[in-house]
Amino acid sequence: MLEKAYDPKPVEEKRLASWDAAQLSRSVPGAKPPFTIVIPPPNVTGALHIGHALNNSLQDAFIRHHRMKGEEACWVPGCDHGGIATQNVMEKQLKAEKIDRHALGRDAFLERMQVWTRDCKKTILGQLHRLGASLDWKREAFTMDEERGKAVFHAFKTLWERGLIYRGERLVNWCVRCGTALSDIEVEREERKGALYHIHYPLEGGGEGAVVATTRPITMFGDTAVAINPKDKRWTHLIGKRVLIPFTNRSIPIIEDTYVDFEFGTGCLKVTPAHDQNDWEIGQRHKLPAIKVLGRDGKLTDWAGQYAGLSREKAHDQVIADLESEKYLRKKEDHKSAVQICYRCSSIIEPLLSFQWFVNQIELAKAPLKALDSGEFKIYPTSWVKPYRDWLVNIKDWCVSRQIWWGHRIPVWYCLTCTNPIAYLGTEVQLKSGKDAGMQVKQYLAGSILEGGISFDELLALNPFFEFEAGKDVDAKSIASFPGLKVSQTKPDTCKTCGKNHWYQDSDVLDTWFSSALWPLAVFGWPEKTKDLAYYYPTSTLVTGYEILYLWVARMQMMGHAFMDKPAFPDAVIHGIVRDKSGKKMSKSLGNVIDPLVMMEKHGTDALRFALMAQAHPGKDIAFDEQTVVGARNFVNKLWNSTRFVLMNLPETPAVYSLGSKNLEFADRWILSRYQRVVSHAQASLDAYDPAAAAQELYVFLWDEFCAWYIELAKGRLTGAEGESKDAVRAILVHILAGSLKALHPIMPFVTEELYAEIKAYAGESAEFILRGGYPVLDGSRVNPEVEKEMSLVMGAVTSIRSLRSQLNVPPGLKIKAVAEGPFAAALLGKHRAYALLLAQLESLEPMNGGRPAQSATAVADGVTFHIPLAGVIDFAKERERLAKDLAKAEGDIEKCAAKLKNLSAAASAPAEKVAEAKEQHDAAAARRDRLKETIAVLS
RNA sequence: GCCCAGUUGGCGCAGUGGUAGCGCGCUCCCUUGACAUGGGAGAGGUCAUAGGUUCAAAUCCUAUACUGGGCACCA
């Protein structure tokens, strides 16, 4: 006997243990068609949030669905090392412990990261397990484990050999806080209020010069020109002259360039090629030098003269104060501009000229684009196709080097004896004359670094200044001029050129998304030609949020095509994000974060899963309200209790109740028809990646049709004598319940498994787990629209009596007599009589012989009118009021139906069946109106 | 600036041409042996606005407004 209410916790624990023991979600290559999903590996930054709960509930539903359909479903678990995001977590921890990362050193830092990662993976995988995720746990992978390391190296090497990876000096997005470069898509924008400063640059040799407008005065020390538009008459007289930068008095030329918009600011543009993308381009056109005035540490360099060493914020304030007091500042106006923000720490990004590694995405994007256009790759919902396509079309090269410690170290080694190391390491290369610092550093490296006595950071601390012949990219083709460079996963053997072994590995690591991009390949053992890879690749479906469509989805497709000539998956399901109940994004600072574990503790895992999935309409964000989980919990309980009821009406020792050739009565045929329809439609919805539709449909069917109507009807027969009718109803209950539990299983695995175990013996089934047994066998011939239509008349008739009872305050327990008239009355008095008596709490139901009974109230439904004698109870004023309302409704219906009918009959093109249907609707409403009018007339 | 999506009862959302639905909330009644995590009955919407197509529009088209998102930005 089941408990009165469902208690999720013990059931979940028990089921998880039995699934684990049976290795239910294990998958190995076989004969069945594979259905494969690789998990979007969560970053090892902490615990899972509600978005992960949604993402993984969806995947689990799809995986279970396909497994139940008989496919070899394989869902690969794992975590992502998470690069900057994870390093930031550790840096915060260190800060709390008052430990300086650089004092700790790279190796010790990485050791701590490993420990953290181990714990974090355990937490995350434990949470996924708790969620019921049917992952193939034996396949657990990590983007930075040994196997994935091989894949990363192989990918790097292959791309390098194909000339698709190069190192060059470019203007990149630099996060001062994180101390690293970022790719373009890792930069967010935010509109912020600022000011536009008009600054006077005096003419060299004296006189009025140019007034430039800028939002960032500190960059002026890096200016290498002032540009004006050649058509701007106000300034053309300055062309060819030179102006002086305030304070440092460096002289720069006035140049002309059509890029300059003379509507904006003063019409004079200061050009800072090293710190602005547009200025960089102007610089390229005019062969201007690029001066780095801001260092990697966010402090001003020696080029800033007296301001050198100040942070960008302090320097900003100081420079403005000085410009003002020295009368260089001509004007300050309010100005809104979109500042660039780091997607990991939200600090302001600086465009910075530096040496970085790049992947040629322009080349790699070609195949994915073709796959998209040919339909080889589909995105659900389709609204993301265009943004995805646009991104691929306008793609730029991908900066993949990161100046952090946590990640795959770039597998490139430099021979320090036979090359100028600074040319490779050369991150602090400055356009400044004098000194042979390069040589000094080279000797220093050759002498000490190889003894292990210096860290790269210490090297940087030397801050070497020297003239660098820049502009030359390093790639596989130009490698001849860089003989001291070698791509290798481990330290290379003796250098062929110099015969020594002075190798230093590039100190940068790869963008975390580089290894993520290889995920669908790497989890199956690529680059080895494994059985897994042959069987599972390409994977079937990828399920993820839109925020990483470009960062991840697009990159996986690029890599998939590049290395396997096939997309990584033919389908991508893009779901929305989970917001708070008022639609705001969840964030720690807003304090509106929902912890999925808390929801699972409070309401059960099935409830959380159902609540999320019932709202997961394709591509739409979810406004998450805990009330929805409570509602789902109630549904779980409803399911529990309906099974409890069925079991109470079955013998304790299971006997098989098969539908077989049982003599089914009307209600049986009705519920079977509905069941057929609903379950097959729910499965189709899951096929179409629309779990919300499946969840909704099953919810309504089970609660409103199966429980509220069929079970209530069944009670009549179940309390009666043993016999064929009773066995038939038992068979139907068992059959539909077992099938519905299976249909719901992908969405709420725990309770369905538990209840199925209770009921399966009665259904003559023996599968140990729902997943193993698969979906119920459906029989389309059971769909019966006529029966469904007739049942709706029965329901309408019952509802009309219930409504009358309620509105006339007839006590619910009081059985009343009724007489019926009308075209449908015969059926109600005949085969549906028992239903009507039971559901409407009637003492008797008789045909109307002679006139309408005295002192009676009237209920009018389609096809039937009931008269219910209520002598002494009835309030005629109230009754008239009630009937008047029904009449108004009937008349409204007639009006609408008449309009429709008129429309249809006026149109030659109108289909005949539509006309007939409209006529029927119209006549039914008209009949109701007539009955009501008569009754009202009698009452008054 | 360009592009996309959304705008449906108090709140959150379904509904791709034929009399507007669901969940939550609200009102009234009910602890009759599956379930008060329940049952029954109700109230509540001219489907953002303006045009258009059609016999018929929440649904298709156009424009506008607002909201959200993507992309690109003038220093």
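The sequence lines fix the lettering, A, B, ..., with proteins before strands; numbering per chain opens at 1.
- Residue contacts shown for A:Ile622 are absent, as no nucleic acid heavy atom lies under 4.0 Å away.
- Using a 4.0 Å heavy-atom criterion, one finds that A:Arg802 contacts the sugar-phosphate atoms exclusively.
- Just one of A:Ile199, A:Leu329, A:Val212 meets the side-chain contact (heavy atoms from CB on, under 4.5 Å) condition when paired with A:Pro217; it is A:Ile199.
- Rounded to an integer number of Å, the gap from OH of A:Tyr546 to P of B:G6 is 14 Å.
- Between the P atom of B:G70 and the CG atom of A:Asn394 lies a distance of 16 Å, rounded to the nearest Å.
- Taking side-chain N and O atoms only, A:Thr272 has no distance below 4.0 Å to OP1 or OP2 of B:A75.
- Nucleic acid contact for A:His617: sugar-phosphate only, since backbone atoms but no base atoms lie under 4.0 Å from a heavy atom of the residue.
- Each of A:Ser383 and A:Ala614 was matched to the nucleotide of RNA chain B holding its nearest heavy atom; the match closer to the 5' end belongs to A:Ser383.
- Ranking B:C29, B:C73, B:A75 by closeness to the A:Ala338 side chain, first place goes to B:C73.
- Between the side chains of A:Thr272 and A:Asp223, at least one donor N or O lies within less than 3.5 Å of an accepting N or O.
- The distance between atom CG of A:Asp184 and atom C1' of B:C71, rounded to the nearest whole Å, is 12 Å.
- Note that NZ of A:Lys902 and NE2 of A:His922 are 12.0 Å apart. Values are rounded to the nearest 0.5 Å.
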Bracket string, RNA chain B, 5' to 3' - pairs by Watson-Crick or G-U geometry under 3.5 Å, | interstrand: ((((((((.[[[[.)..(..]]]].(((((.......))))).....[[[[[..)....]]]]])))))))....
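- Within the structure, a side-chain polar atom (N or O) of A:His335 is placed less than 4.0 Å from OP1 or OP2 of B:A75.
- Counted within 6.0 Å of CD on A:Glu3, heavy atoms from surrounding residues, nucleotides or ligands total 12 or fewer; the atom is thus considered open.
- By the 30° and 60° cut-offs, the orientation of the rings of A:Tyr197 relative to A:His316 is perpendicular.
- For A:Arg805, no side-chain nitrogen or oxygen approaches OP1 or OP2 of B:A41 to under 4.0 Å.
- Stacking of A:Arg802 on the aromatic ring of A:Trp709 is recorded, both the 6.0 Å distance cut-off and the 45° axial limit being met.
- Comparing B:U16 with B:C11, their C1' atoms sit 26 Å apart, to the nearest whole Å.
- You'll find that the side chain of A:Val260 is closest to B:A75, out of B:G12, B:A75, B:G42.
- Of all nucleotides listed (B:G42, B:A34, B:A41), B:G42 comes nearest to the side chain of A:Lys885.
- Within the nucleic acid shown, A:Cys268 has no heavy atom closer than 4.0 Å to any nucleic acid atom.
- For the pair A:Arg189 CZ and B:A72 C1', the interatomic distance rounds to 7 Å; values are reported in whole Å.
- Summarising the geometry, the separation between CG on A:Asp390 and C1' on B:C71 is reported as 7 Å, rounded to the nearest angstrom.
- With no hydrogens or angles considered, no side-chain donor-acceptor pair links A:Asp279 and A:Tyr259 at under 3.5 Å.
- Residue A:Gln615 places no side-chain atom within donor-acceptor reach of the base of B:A14, judged by atom type and a 3.5 Å distance cut-off alone.
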Per-nucleotide protein contact string for nucleotides 16-22 of chain B, where B marks a base within reach and S marks sugar-phosphate only (heavy atoms under 4.0 Å, - for neither): --BBS-S
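- Comparing atom distances between the A:Lys4 side chain and each of B:A34, B:A36, B:A75 picks out B:A36 as nearest.
- A:Tyr343 and A:Glu186 are linked by a side-chain donor-acceptor pair at a separation below 3.5 angstrom, with hydrogens and angles left out of the test.
- Between the side chain of A:Lys386 and the base of B:C3, no donor-acceptor pair under 3.5 Å is found.
- By the 6.0 Å and 45° rule, A:Lys638 does not stack over the aromatic ring of A:Phe706.
- Side chains of A:His286 and A:Asp257: a donor-acceptor N/O pair is present below 3.5 angstrom, by distance only.
- Within a 6.0 Å sphere centred on CD of A:Glu191, other residues, nucleotides and ligands contribute more than 12 heavy atoms.
- For the pair A:Tyr550 OH and B:G69 P, the interatomic distance rounds to 14 Å; values are reported in whole Å.
- Rounded to a whole Å, the CG atom of A:Asn809 is 18 Å from the P atom of B:G40.
- For A:Trp703 and B:G39, the shortest distance from a side-chain N or O to OP1 or OP2 is below 4.0 Å.
- Checking the phosphate oxygens (OP1, OP2) of B:G12, no side-chain nitrogen or oxygen of A:Lys620 falls inside 4.0 Å.
- A straight line from CZ of A:Phe706 to C1' of B:A34 spans 11 Å, rounded to a whole angstrom.
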